[in-house]
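Within every chain, numbering begins at 1; the chains are lettered A, B, ... in the order of the sequence lines, protein sequences first and strands thereafter. Just so you know, these numbers use all the heavy atoms, side chains as well, and skip hydrogens, waters and symmetry mates.
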There are 2 protein chains.
Amino acid sequence: MARPRLDPERRRPTEAEASILATLWEHGPSTVRQVHEHLASQQDVGLTTVLKLMQIMAEKGLLARDTSVRPQVFSPARDQADVQADMVGDLLDRIFGGSTENLVLRALSTRPSSPEEIAAIRRHLDALDGGDR
Amino acid sequence: MARPRLDPERRRPTEAEASILATLWEHGPSTVRQVHEHLASQQDVGLTTVLKLMQIMAEKGLLARDTSVRPQVFSPARDQADVQADMVGDLLDRIFGGSTENLVLRALSTRPSSPEEIAAIRRHLDALDGGDR
DNA sequence: GACAATCGACGAAATCATTCGTATGTTTGA
DNA sequence: TCAAACATACGAATGATTTCGTCGATTGTC
């Protein structure tokens, strides 16, 4: 009696899956061992655990795998920006009542941002509305 | 062989729990029936399911309950801003490589923001760094 | 008070997410 | 060549999450 399965598209990665995706986005297409080495430096996790996860992700369509080489090389199947957009949108709807302003404000106040970062965000805002004031 | 239990503090609400918290933040302290009515308008979910979830959340310390009235009234036990900060921080670390700028940029490009909203965000930025340009 | 409606507790089941042992096949290097 | 090391598959265990049925208690209505 659990929740019915979600539409395969728009399926958000789980926590462990997100770690693996992040690794692949950062380092590019990688073998299981490479991903494991990176993750193991942060958390205690076994090689076969990572393998299993990546196999499942490939089945789900989250990863693409190249079986023509050995060891096999995995790459993210979805664009980083797409996944980020889905997850931000989800968070927005789930606990920010859909208010982008609230989310941005919360993000800015949660983590200290450098003046450079703030300036960069201003430029993004300018690009959105032409810099009206 | 699942993931070990997390520290009770800093425990992020699950998906279903987040929906309930959002309802309570939006409508204030509510009965199970009220929460259910609100949620049922969005998804298909049973009354006893919501009840059970809210009981569990009360046990976990996510909700406070007033048993002196009938029906009982539940309210969020943690501040909305705190939970939002935890969840944004988590998303930041998990798939944005800790870059607030990326997250903000993604949020802004994912959802159309009104000029008013953009102006409000600018004011927040000004408050952070005094409006340096 | 009798009856119906509502409330609340509880247990159990289904599914999901994560973990890893073990078994088997493949490659490498002495 | 042959063994050691590595790669991959697979199944199963475990805990977390979500679901809801059912039963007794409480409340409201006539």
[X] side chain: which of [options] is closest?
X       : options               : answer
A:Ile56 : D:dC6, D:dT27, C:dT18 : C:dT18
A:Pro71 : D:dT19, D:dT8, C:dT19 : D:dT8
B:Thr49 : C:dA9, D:dC20, D:dT8  : D:dC20
A:Arg33 : C:dA9, D:dC6, D:dT27  : D:dC6
B:Val45 : D:dT19, C:dT19, D:dA7 : D:dT19

Under-4.0 Å side-chain N/O to phosphate OP1/OP2 contact, [X] with [N]:
X       : N      : answer
B:Arg65 : C:dA9  : yes
A:Gln55 : D:dC10 : no
A:Thr48 : C:dG21 : no

[atom1] of [X] versus [atom2] of [N]: gap in Å, rounded?
X       : N      : atom1 : atom2 : result
A:Leu47 : D:dA7  : CG    : C1'   : 9 Å
A:Met54 : C:dT18 : CE    : C1'   : 16 Å
B:Lys60 : D:dA16 : NZ    : C1'   : 8 Å
B:Phe74 : C:dC7  : CZ    : P     : 12 Å
B:His36 : D:dT19 : NE2   : P     : 11 Å
A:Leu62 : C:dT18 : CG    : P     : 12 Å
B:Glu15 : C:dT15 : CD    : C1'   : 14 Å
A:Glu37 : D:dC6  : CD    : P     : 11 Å

- Message: Do B:Leu92 and A:Val88 land in one hydrophobic cluster if side-chain heavy atoms of ILVMFWY residues count as linked below 4.5 Å?
- Response: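 Hydrophobic grouping puts B:Leu92 with A:Val88.
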
- Under-4.0 Å salt bridge between A:Arg12 and B:Glu15: yes

- Message: Under a 4.0 Å threshold between the charged nitrogen and the carboxylate oxygen, would A:Asp82 count as salt-bridged to A:Arg78?
- Response: no

- Task: Hey, could you give me the CG/CD distance between B:Leu103 and A:Gln84, rounded to the nearest 0.5 Å?
- Result: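 Between B:Leu103 CG and A:Gln84 CD, I get 8.0 Å after rounding to 0.5 Å.
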
- Take B:Val73 and A:Glu17, find for each the nucleotide of DNA chain C with the closest heavy atom, and name the residue whose nucleotide sits nearer the 5' end. B:Val73

- Message: If we ignore hydrogens and angles and just use 3.5 Å, is the side chain of B:Ser109 paired with the main-chain N or O of B:Arg106 as donor and acceptor?
- Response: yes

- Message: Is it the case that C:dG11 (base atoms only) and B:Lys52 (side chain only) share a donor and an acceptor within less than 3.5 Å, ignoring hydrogens and angles?
- Response: yes

